[in-house]
Structure formats: C-alpha cells, structure tokens
Amino acid sequence: MTSAPVIGVAVILVKGDTVLLGRRRSSIGHNTYALPGGHLEFGESFEKCAAREVKEETGLDIKDIQYVTVTNDVFSEAAKPLHLVAVYMRATLANPDQIPQTVEPDKCYGWDWYDGKNLPRPLFRPLETLLKGGFSLFPLI
Ligand code: IPR
Ligand code: MG
C-alpha cells in the first residue's frame, strides 16, 4: 500500500562559504547529511515552516527567508516507502554569533558548518537530487 506524497521544507542556511548540515539519525536517509527542515504543517507558509523547523532542530533564529526551488524524490526501498517533495528556502542567521545546538538528538547526530566546495558525503537524497540537477549552493542567488 502506498501513501500520499509528503511536503518537507529544507533550509539552505549559509554562513560565509559554509552551509549548515546535520547527519540524520532518522530511518529515512539514516547517516546522510541533510539541511535542517521538516514536514510542512496544515495551513503553514513555507517561510513559517522554515523558521519553525530550524528553531526546533538547531535552536537558531533565521531571517531573510526566501523560496529557492523544489525537488521530488521517492524512497521506494524504505521499510515504509516515502514520496518526499522538498521545498528549499534560503535564509541567513538572525544573529551571526549563534551556535547550532542538537535540539533533537534522536533525529540528528549534530549540526555543523561545512565548506560549500567540500561537502560531506553521503548527502540526503533530496539534497543530492538538488545538486545533480545543476543547482549550486554557492553562490546562492
Ligand atoms: P521532521 O519533520 O521530523 O524534521 O522530518 P524530516 O527531517 O525527516 O523531513 C525531511 C524534510 C526535508 C526536506 C528536510
Ligand atoms: Mg528534520
């Protein structure tokens, strides 16, 4: 039995030449490096979802949140197959001195800033799809 596609919002949070990524603990994409983000809630705007998910997962406050693009992936091999439409939002830190916290240690091993020219691998599938599609995180326009 299949379930309906779900919508996630992923946040491209850039600081200088680095981007914020965390290694996933969740079963979907376990051990892969992903942007902060999560499921869109009923009635929520993409901007509100981006700010909420980043706060819930990293404790960071963000600003200048703007829509970027979208990816479409199916995790058909998963025990519970998932069709994920990921909406990408770019943002900046509300205060550049903030340090990301691992607020949800059951979902993420930890957050860090990674050099955009030397991203850690493996990447979470939707992020891999984004980059394979020719999207460049740097410079982010
Ligand atoms: P939650 O809502 O648990 O953060 O979900 P997720 O991190 O598995 O959602 C993935 C959505 C992508 C686009 C970050
Ligand atoms: Mg998440």
Side-chain angles (χ1 to χ4, degrees), residues 1-96 98-141:
M1 173 162 133
T2 55
S3 46
V6 301
I7 300 170
V9 171
V11 183
I12 304 171
L13 188 52
V14 163
K15 187 167 87 161
D17 295 335
T18 64
V19 61
L20 187 70
L21 297 173
R23 188 159 61 93
R24 288 174 65 86
R25 259 191 122 120
S26 315
S27 60
I28 296 280
H30 185 75
N31 269 336
T32 63
Y33 289 85
L35 298 163
H39 295 88
L40 185 71
E41 293 184 351
F42 183 89
E44 196 172 39
S45 70
F46 297 145
E47 290 81 4
K48 279 266 161 58
C49 181
R52 176 183 58 74
E53 283 287 345
V54 168
K55 186 71 177 176
E56 284 177 5
E57 296 186 349
T58 71
L60 298 171
D61 293 305
I62 58 174
K63 63 175 178 144
D64 303 330
I65 306 165
Q66 290 180 332
Y67 169 79
V68 177
T69 189
V70 63
T71 56
N72 190 30
D73 285 277
V74 180
F75 295 82
S76 49
E77 77 290 355
K80 197 175 162 203
L82 173 72
H83 181 171
L84 176 62
V85 175
V87 176
Y88 295 82
M89 306 296 284
R90 61 167 295 176
T92 56
L93 286 172
N95 167 359
Q98 294 176 95
I99 293 170
Q101 312 292 327
T102 309
V103 185
E104 298 179 323
D106 54 320
K107 289 187 179 179
C108 178
Y109 287 101
W111 300 100
D112 212 342
W113 301 99
Y114 291 91
D115 183 353
K117 293 189 200 69
N118 188 23
L119 295 176
R121 293 296 200 279
L123 295 173
F124 188 42
R125 189 175 304 168
L127 182 52
E128 196 68 63
T129 298
L130 178 74
L131 299 179
K132 280 193 177 138
F135 186 86
S136 177
L137 293 177
F138 297 91
L140 189 58
I141 44 171

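This structure is a prediction, so every number in the text was calculated from the model and none was measured. Just follow the structure's listing: the first ligand is 1, and inside any ligand the first atom is 1. Atom set for the values below is all heavy atoms of this structure, side chains included, hydrogens, waters and symmetry mates excluded.
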Would the number of heavy atoms belonging to other residues, nucleotides or ligands and lying under 6.0 Å from CG of D17 be above 12? no
Where is the nearest protein heavy atom to atom 3 (O) of ligand 1: which residue, which atom, and how far? K107 NZ, 2.7 Å
Has E57 got any heavy atom lying under 4.0 angstrom from an atom of ligand 1? yes
Looking only at protein heavy atoms, which one is nearest to atom 12 (C) of ligand 1, and how far off is it? F124 CE2, 4.1 Å
Total protein N/O/S atoms sitting under 2.8 Å from the Mg ion (ligand 2), waters ignored, is 2
Looking at OG1 of T92 and CG of D64, how far apart are the two atoms once the value is rounded to the nearest 0.5 Å? 4.0 Å
Exactly one of L60, V54, I62 should register a side-chain contact (heavy atoms from CB on, under 4.5 Å) with P36. Which one does? V54
Check whether any heavy atom of R24 sits under 4.0 Å from an atom of ligand 1. yes
Under 3.5 Å, is there a donor-acceptor pair between the side chain of R24 and the main chain of I28? yes
At less than 4.0 angstrom from any non-hydrogen atom of E53, what atoms of ligand 1 do you find? 2 (O), 4 (O)
Pair V70-F46, side-chain contact (heavy atoms from CB on, under 4.5 Å): steps then yes or no: CA-CA 12 Å; V70 63; F46 297 145; over 6 Å; no
At what distance, to the nearest 0.5 angstrom, does CG of L13 lie from CH2 of W111? 10.0 Å
Starting from atom 14 (C) of ligand 1, what is the nearest protein heavy atom, named by residue and atom, and what distance separates them? G37 C, 3.7 Å
Do I65 and V11 have side chains that get closer than 4.5 Å, going by heavy atoms? no
Presence of salt bridge, R125 and E77, under 4.0 angstrom: yes
What residue and heavy atom of the protein are closest to atom 9 (O) of ligand 1, and at what distance? G38 CA, 3.6 Å
Stepwise side-chain contact (heavy atoms from CB on, under 4.5 Å) check, L131 with L137: CA-CA 8 Å; L131 299 179; L137 293 177; 4.1 Å; yes
For atom 2 (O) of ligand 1, the protein heavy atom that lies nearest, with its residue and separation: H39 ND1, 2.9 Å
Taking the six-membered ring for Trp, are Y109 and H30 parallel (under 30°), tilted (30 to 60°) or perpendicular (over 60°)? perpendicular
The atoms of ligand 1 lying under 4.0 Å from a heavy atom of A86, numbered in the order shown, are 13 (C)
